[in-house]
Every structure is written in C-alpha cells, then in structure tokens.
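Notes follow once the structure below has been shown.
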Amino acid sequence: MQKKLKLWDAIMLVMGSMIGSGIFIVSADMMRNLGSGFWLVVVWVITGIMTVAAAISYGELSALFPKAGGQYTYLKEIFGKRMGFLYGWGLFTVIQTGTIAAVAMAFGKFTAYLIPSLNDAAPIFQSGEFKITWIQILAIAIILLLTYINTRGVQSGKILQNVFTGSKIIALLGLIAAGFILVEVSHLSENFSLGTDSFSNLTKDLTGNFMKEGWEPIGGMTLLGGIAAAMVGSVFSSVAWESVTFVSGEIDNPKRNVVKSMIYGTTAVMILYIAVNYVYLNALDRDGIAFAANDRVAVAASQNIFGSAGTVIIALLVMISTFGCDNGLILAGARVFQTMAKDGMFFHSAVKNNKNEVPENALWMQGIWASLLCLSGQYGNLLDMISFVIVLFYMITVFGVIYLRIKQPALERPYKTWLYPVTPIVYLVIGTCFCILLLIYKQQYTWPGFVLVLLGLPVYYFINRKKADS
C-alpha cells in the first residue's frame, strides 16, 4: 500500500464520512420523542461524549494494528476470525453499502428540490409497491461515478474528499453564523422555557401525518425510552468515523495519524452538530422542528433565516454534504473487503489491486451491491435496524481495549487510551443503556438487524467447511 494520505487527509475522511444527510433531518424525530430543547441538546451531548470516547479507545487499537481493514482487523486479532467475519458480513450486506445507498438517495431527493421534474416524473417501472424512479437512477449514477473516480487511485479520491468536506464545513459554519445573525424572531428562550420537563408526540391522523395537538408529558422510564429512540437518529448521524481505520495501510505514519484524525475529526463534528441544533432551536419553535415537512428541519430553519432562497441554499448544502460523504464511505469500505478476501473470508478476486494501486474489484462489488440496495427501496428500513448493531460492534471493539490490557499487559502500545479505563467504560455504560432501552421500548430497531448479522454464521461455517475439505 502506498502512503498517500497525510494527517489532514485522514481528518477530512473522518469528518466527511460522518457528515451526510442525518444532521439536516433527524432532529425532527428527536424532538417528537422528547418535546424539549433541553433534552434535544442533552441527547446530542451524550452522543458526542459517546462518539469521542469510542474514537479515543479505538486509537489504542489503531496503533497496535496499523494496517488496512480497521475494525475488522481489530475484532479478528482480538476475538478470532469468526467475530471479524460477522462484522465484515454486516458491513458488506448493509452497514457500509446501506449507508452508501441511503446517502446517495438523500443526494437524489435534495436534487429534486432544484429540479422538480425529478419528483414529478412517472416511475420508470412499477409493479405493485415496487417501483424504480429517476431519483433512484440518479443515486445509482452517483455511486457508480464515485466508485469509478476511486478506481483511478487514492489521489483522485483524496482530492475529491478534501474539496467536498472542506466545502461543507465552511457551509455549515456559515449556516451556524447566519442562524444567529439573520433570524428576526428567536425561539431559543421559548424552546428552553420548559426546563427539564419532557414531552412526546407520536400520534398520527388517519392520513398518517403527525398531529401537533398530541403532546403528552413523559418522565421516568418512558423518558429513558424516548432518549433511546431519539439517540437512534443522533447515533446514525455520528457513525462512520471509523472508516479512516479501514485505510490505515495508506496513511502516512498510521500509528500516530489514525488516532489523531479520529479524535480531532469526531470532536469537531460533534461540536458542529450541537451548534447546528442550537440554530434549529433559535430559528424554529418546538412544533416547527418536530413537524417540519418530510422531517427536513434544516430546510424549515433555512427558510426562516434566508427567506425564500433558504430551500435552494440547504438543497445545495445537502448535495455537497452527501456527495462528499459517499465518496469517503466508498473509498474506505472497499479496503475492508479486500482485507477479508486476503484472509479467505470474501470473494478472492477482491484481493487484487489495479495499476493505480487500489482494490478496483472490491470497489465495484461494493458499488454494485449498494446500487441494488437503492433499487430495492428497503435500505431505509435496513438502516433503522442497524443502529443497534453498529453500537453493539463498537462496544465489542471498545471492550477489546480492556480485554487486551488484561490478557496481554506487556504488549508494546505506541498510543494508550487517554484516561484508561474511564474512557472505554464511559462508552460501554452509555452503549449498554442505549441497547437495553431499545430492546425494551423499540424492538423494531434491534432484532431484525441482529438477525441479519447472525445470518452470517452459516456463511462463515460454509466458507470454513470448504477450506477444511480442500
């Protein structure tokens, strides 16, 4: 692997992979579950602490195993090939590819703001509920274009990543500044006037739309359930930072730069996310956030900030954001599948690099499967299922830091987790509470994704049976 990625490139990959479409949408559902500006901010702060704690903990593993494959490699080295395969299986079937599909579809949907004919056009094909639309075709075109660009070499993907990530960071900073300077009527004090009181409004009318009159006070265990449900959105918006570990083999001085990029990148993004939510709370009242059309809170806030031009501004920002996000996900994900192939855990043809020293076959396999998920129309449902699974794998990996400290205390560690064991324990405690509350209150977010990953077990045993036979 050629060391073409510097520290700045790695930070841009972390930030670019994290900032997609979620921050512009998920706060609506979070507000419906919590009904309070105070609790909305608290959940984003909890998610921020959780994310940065995981990144700090991963740093120790990235310095111990500074090679391509990242989280797959850590799990395989610490807990064995089976655990590594289950993670890789989940990553290929839905975690990485489903996220690529969802982000590309977000690009398509916000493009339709600027080109209404995309929304109005009749489906290309329809049979019952299944249909293929021009927005899906645009999403697939974006995936295939970015896949092609990344087959041209790391340099091509790196330049694209830096330009688009830099653009969306500047745009977000501009939105944050404008959100406090240009808003004529501030709703900030109104949104915090309820203090620590919390409310829920998930009632719908006969047409399936949420009703503004249905706010009910919640507390105790019901509030905890609301926090867990709200965290599904904030957690989903804050994942994919570990993508930088997938390309460790191509990062200059990975023992230092991978951990730095994760800590700097996740911290910066979580600060941006909290600031953006303060903009929403300043520009919109509670109902304006909770019942924004199609959950597009950023569009509603931007209309209050910029007037009629707000829709166009946010549509362009989301297009830039999702384009750069998908590039980072595509660039990084293929390296895991190549590493798995080298271990005999994926299609053998994924092993080879092309003349540009990148895993072209793995890139196309990833791109084609993500494109099929776009056509399926089910990627959104799949992603709802996997927030639980993603956190579960994060927890297993973070626990790996403690496990290795106990099992191999003499191992030379170029970087040691800051405030160990407090940092990994903080993540494990928050993650455990999140998973338990989802299991109790929101089972539709848990079992389906868990079952999907467990389906990898028979595949694993089949692969290893074939090896034994040969």
Side-chain angles (χ1 to χ4, degrees), residues 19-45 47 106-107 109-116 119 167-195 197-202 205 209-215 230 233-234 237 269-322:
I19 306 171
S21 58
I23 185 59
F24 305 105
I25 297 169
V26 299
S27 293
D29 183 65
M30 293 171 71
M31 183 60 89
R32 288 194 295 270
N33 277 286
L34 298 167
S36 152
F38 171 82
W39 286 108
L40 181 69
V41 172
V42 164
V43 167
W44 279 106
V45 170
T47 305
F107 178 93
K109 286 175 181 176
F110 276 89
T111 303
Y113 260 120
L114 304 182
I115 311 171
N119 261 336
S167 299
K168 64 184 169 186
I169 290 169
I170 291 167
L172 276 174
L173 290 171
L175 176 66
I176 292 162
F180 288 97
I181 296 169
L182 301 181
V183 169
E184 292 182 5
V185 179
S186 172
H187 296 277
L188 207 56
S189 58
E190 174 192 343
N191 280 315
F192 282 97
S193 64
L194 298 169
D197 293 340
S198 51
F199 301 84
S200 174
N201 186 354
L202 303 173
D205 60 23
N209 295 315
F210 288 100
M211 297 172 62
K212 294 184 180 181
E213 298 80 25
W215 291 107
S234 60
S237 303
V269 168
M270 296 317 302
I271 291 170
L272 277 174
Y273 280 1
I274 292 167
V276 168
N277 275 276
Y278 268 100
V279 168
Y280 297 158
L281 292 166
N282 191 50
L284 300 165
D285 62 14
R286 179 174 69 174
D287 284 357
I289 296 171
F291 306 112
N294 296 312
D295 283 358
R296 295 188 176 105
V297 189
V299 171
S302 193
Q303 286 172 331
N304 279 8
I305 297 166
F306 301 108
S308 57
T311 300
V312 174
I313 290 168
I314 286 298
L316 287 170
L317 173 52
V318 176
M319 287 170 67
I320 292 168
S321 180
T322 49

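Note that the structure is a prediction, hence the values are computed from the model and not measured.
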Subject >> Short side-chain to backbone donor-acceptor contact, Asp295 and Val26, under 3.5 Å >> reply: no

Subject >> Interatomic spacing from CG in Leu316 to OG in Ser167 - rounded to 0.5 Å >> reply: 11.5 Å

**OP:** May I ask you to decide if the ring planes of Phe291 and Phe210 are parallel, tilted or perpendicular, using 30° and 60° as cut-offs?
**Re:** tilted

**OP:** Indicate yes or no: at least one non-hydrogen side-chain atom of Val276 is less than 4.5 angstrom from one of Ile176.
**Re:** yes

Original post:
What distance do Leu284 atom CG and Ser27 atom OG have between them, rounded to the nearest 0.5 Å?
Top reply: 10.5 Å

**OP:** Could you tell me whether a side-chain N or O of Asn191 sits under 3.5 Å from a main-chain N or O of Tyr280, the two making a donor and an acceptor?
**Re:** no

Subject >> Check: Val299 and Phe110 side chains under 4.5 Å, non-hydrogen atoms >> reply: yes

Subject >> Side-chain donor-acceptor pair present, Ser200, Asn33, cut-off under 3.5 Å >> reply: no

Original post:
When rounded to the nearest 0.5 angstrom, what distance separates CG in Asn304 from CG in Asp285?
Top reply: 9.0 Å

Subject >> No-hydrogen, no-angle side-chain donor-acceptor test under 3.5 Å, Thr311 and Gln303 >> reply: yes

Original post:
If you measure only the distance, is there a donor-acceptor pair under 3.5 Å linking the side chains of Trp215 and Asp287?
Top reply: yes

Subject >> Worked verdict on Arg296 versus Lys109 for side chain to side chain contact (heavy atoms under 4.5 Å, CB included) >> reply: CA-CA 11 Å; Arg296 295 188 176 105; Lys109 286 175 181 176; 4.0 Å; yes

Original post:
Judged by atom type as modelled, is there a donor-acceptor pair below 3.5 Å linking the side chain of Ser193 to the main-chain atoms of Glu190?
Top reply: yes

**OP:** Taking Arg32 for its side chain and Ala290 for its backbone only, find out whether a donor-acceptor pair lies under 3.5 Å.
**Re:** yes

Original post:
Can any side-chain N or O of Tyr113 pair as donor or acceptor with the backbone N or O of Ile314 at less than 3.5 Å?
Top reply: no

Subject >> Residues Leu173, Leu272; criterion side chain to side chain contact (heavy atoms under 4.5 Å, CB included); working and verdict >> reply: CA-CA 8 Å; Leu173 290 171; Leu272 277 174; 3.7 Å; yes

Subject >> Short side-chain to backbone donor-acceptor contact, Ser321 and Lys168, under 3.5 Å >> reply: no

**OP:** I would like to know whether Met30 and Trp44 meet side chain to side chain contact (heavy atoms under 4.5 Å, CB included); could you show each step before the answer?
**Re:** CA-CA 10 Å; Met30 293 171 71; Trp44 279 106; 3.3 Å; yes

**OP:** May I ask you to decide if Gly37's main-chain N or O and Arg286's side chain share a donor-acceptor pair within less than 3.5 Å?
**Re:** no

**OP:** Output yes when a side-chain donor or acceptor of Thr111 lies under 3.5 Å from a complementary backbone atom of Phe107, and no otherwise.
**Re:** yes

Subject >> Side-chain touch Ile305/Val279, heavy atoms, less than 4.5 angstrom >> reply: yes

**OP:** Measure the shortest side-chain to side-chain distance between Val42 and Leu34 over non-hydrogen atoms and say whether it is less than 4.5 angstrom.
**Re:** no

Subject >> Gap separating the OG1 atom of Thr322 from the CD1 atom of Ile19, nearest 0.5 angstrom >> reply: 12.0 Å

Original post:
Going from CG on Asn201 to CE on Met211, what distance comes out if it is rounded to the nearest 0.5 angstrom?
Top reply: 8.5 Å

Subject >> Of all pairs that satisfy ring-ring contact (aromatic ring centres under 6.0 Å, His included), the ones with a partner from residues 296-320, not counting sequence neighbours >> reply: none

Original post:
Which heavy atom of Ser234 sits nearest a heavy atom of Thr47, and at what distance?
Top reply: OG-OG1, 2.7 Å

Original post:
Are the side chain of Ser36 and the backbone of Ser198 linked by a donor-acceptor contact shorter than 3.5 Å?
Top reply: no

Original post:
Are Phe24 and Leu172 side-chain neighbours, meaning at least one heavy-atom pair lies under 4.5 Å?
Top reply: yes

**OP:** Given side chain to side chain contact (heavy atoms under 4.5 Å, CB included), test Met31 with Leu281 step by step and report yes or no.
**Re:** CA-CA 10 Å; Met31 183 60 89; Leu281 292 166; 3.9 Å; yes

Original post:
If you measure from CG on Asn277 to CG on Asn282, what distance do you get to the nearest 0.5 Å?
Top reply: 12.5 Å

